[in-house]
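To start, the structure itself, in structure tokens.
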Amino acid sequence: MHTLVIRTLLERLGGLLLTLFLSSVVIFSALLLTPGDPIAALAGGAKPNPELITQIRAEYHLDDPIWLRYVQWLGGVMSGDFGRSFVYKTDVLDLVLPRFGVTFQLVLLTVVFILIFGVGSGILAATRGAVVDRTVAMVTALGMALPTFVVAILVIWIFAKSLGWFPVFGEGSGGLDRLWHLVLPAVSLSVMFIAYISRITRSSLVAQLHSEHVETARVRGIPRGRIFRVHVFRNAVPQILAISGTTVAGLFAAAAIAEQAFGLGGIGSLLTEAAARKDLPVVQLVSLLLVTIFVVLNAVADVLSAVIDPNTVTTGRRA
């Protein structure tokens, strides 16, 4: 059994590396094929003269074949050199890392909200009777129907403008002030995902509650709390983890909407700005970072699922 799990984990690692490689090819090629001339961004918006155009093309290897430019770019990425921003004229990594810190903190707070209210409401819906189940179903249906920017407008109007409990814009100065500034953006970002995780949790638990081994445990007189912990929740965790991994990965991309609504300087707003200004090195690094986060978090969710319940591996192979 352990050999099978280890073999599966190695296969997932190989798939992860292959996905990253193919993603890097797509990101690099797609950005170069988009309309617009990067020389305009490199020239700072001014109309460049022929000498400046020649200098820029030579400095940034714009006349080299696309495959050679990809190899040079990938070699730089592998050695930690992600290039310089066309617009800001600074190292791309120095530009992205502080922005990533803001987005990471926003996503982390959002995950806390999702786990507490999403998993919690799913457990209540599955275990507290029909009235609670229907109430949670109606609330989650409403939550899934509300786009992030609509929730952002509502919470700004209620909790910032009317009640004055939270600030409207900016990421704060750090520490508790940063946390206070991120509460409303995290609420806006989490509502739809809370509803989604709640429904997944509820359906997973209900399936386990009606399974044969749980019925057998009830007949044997095992206490209800122990049945839920050992035979219901533990068996439902792998599916919840798998869905949560995908959800958390998607938060990094979805965070751009909340960042724009609340004026946060995260990588989502940076990506939007860089794409509009044809700042290719910034777009390439942020896109590659988002893809890496997505595939790594999904792989971690798969690993945790396999460790918690190795049967998920064997079941997947049989399927």
Side-chain angles (χ1 to χ4, degrees), residues 82-118 143 146-194 197 244-245 247-294 296-297:
F82 297 92
R84 290 172 59 82
S85 165
F86 289 173
V87 175
Y88 296 96
K89 311 298 183 187
T90 185
D91 190 275
V92 173
L93 195 60
D94 293 337
L95 187 65
V96 170
L97 282 182
R99 301 287 195 106
F100 178 75
V102 174
T103 301
F104 179 78
Q105 292 168 340
L106 171 61
V107 169
L108 191 62
L109 185 58
T110 304
V111 170
V112 172
F113 289 162
I114 291 174
L115 291 180
I116 292 176
F117 297 105
L146 290 175
T148 300
F149 71 91
V150 173
V151 180
I153 293 172
L154 289 174
V155 296
I156 287 174
W157 177 57
I158 297 172
F159 297 104
K161 291 295 185 182
S162 300
L163 299 176
W165 291 352
F166 297 95
V168 180
F169 296 109
E171 59 264 18
S173 57
L176 289 178
D177 187 53
R178 169 69 56 82
L179 179 64
W180 206 240
H181 277 75
L182 293 181
V183 169
L184 290 187
V187 170
S188 305
L189 187 58
S190 65
V191 167
M192 187 182 299
F193 294 98
I194 286 174
I197 293 298
S244 298
T247 301
V248 173
L251 286 175
F252 280 92
I257 301 173
E259 291 173 3
Q260 291 285 350
F262 291 90
L264 300 177
I267 57 172
S269 57
L270 177 63
L271 177 62
T272 305
E273 177 186 342
R277 303 177 71 175
K278 197 70 178 179
D279 198 350
L280 297 185
V282 175
V283 177
Q284 287 168 342
L285 176 55
V286 175
S287 301
L288 191 62
L289 188 60
L290 292 176
V291 171
T292 303
I293 291 170
F294 188 85
V296 168
L297 285 178

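Note that the structure is predicted; figures quoted are calculated from it, not measured. One is the number of the first residue; the rest follow in order along the sequence.
Residues forming a side-chain hydrogen bond (donor to acceptor under 3.5 Å, both in side chains) with E259 (at least two apart in sequence, or on another chain): T103. In this structure A186 satisfies the side chain to side chain contact (heavy atoms under 4.5 Å, CB included) test together with L106, L109, T110, F113, sequence neighbours excluded. Contacts of T292 classified as side chain to side chain contact (heavy atoms under 4.5 Å, CB included), with partners at least two apart in sequence or in another chain: L20, L288, V296. Residues passing the side chain to side chain contact (heavy atoms under 4.5 Å, CB included) test with I257 are T148, F149, sequence neighbours excluded. By the side-chain hydrogen bond (donor to acceptor under 3.5 Å, both in side chains) test, R178 pairs with Q105, sequence neighbours left out. Not counting sequence neighbours, A256 has no partner by the side chain to side chain contact (heavy atoms under 4.5 Å, CB included) test.
Taking CZ from F100 and CD1 from I293, the interatomic distance works out to 4.0 Å, rounded to the nearest 0.5 Å. For the atom pair CG (L189) and CG (L184), the distance works out to 12.5 Å, reported to the nearest 0.5 Å. Taking CD1 of I156 as the reference point, atom CZ of F262 lies at 4.0 Å (rounded to 0.5 Å). Between the CG atom in L251 and the CZ atom in F193 there is a gap of 4.5 Å [rounded to 0.5 Å]. The line from CG of L285 to OG of S85 is 11.0 Å long, rounded to the nearest 0.5 Å.
By the 4.5 Å heavy-atom criterion applied to side chains, S287 and L271 are counted as neighbours. Looking only at side-chain heavy atoms (C-beta outward), F252 and L289 stay at 4.5 Å or farther from each other. Side chains of F159 and V183 form no contact here, defined as non-hydrogen atoms less than 4.5 Å apart.
The list of salt bridge (charged side-chain N to carboxylate O under 4.0 Å, His left out) pairs with a residue in residues 260-274, not counting sequence neighbours, reads E273-R277. For the salt bridge (charged side-chain N to carboxylate O under 4.0 Å, His left out) condition, no pair includes a residue of residues 146-156, sequence neighbours left out.
Under the 3.5 Å distance criterion, the side-chain polar atoms of S269 are matched with a main-chain donor or acceptor of L264.
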Using a 3.5 Å cut-off and no angle test, enumerate the donor-acceptor pairs between side-chain atoms of residues 90-99 and protein atoms at least two apart in sequence or in another chain.
| residue | atom | partner | partner atom | Å |
| --- | --- | --- | --- | --- |
| D91 | OD1 | L93 | N | 2.9 |
| D91 | OD1 | D94 | N | 3.4 |
| R99 | NH1 | G266 | O | 3.4 |

Donor-acceptor pairs under 3.5 angstrom involving side-chain atoms of residues 161-173: please list them, not counting sequence neighbours.
| residue | atom | partner | partner atom | Å |
| --- | --- | --- | --- | --- |
| S162 | OG | W157 | O | 2.8 |
| E171 | OE1 | G265 | N | 3.3 |
| S173 | OG | D177 | OD2 | 3.1 |

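S188 and V151 get closest at one heavy-atom pair: CA-CG1, 3.7 Å. The shortest non-hydrogen separation linking L146 to M192 is O-CE, 3.4 Å. Taking all atoms of both residues into account, the shortest heavy-atom contact from A152 to A261 is CB-CB, 3.9 Å.
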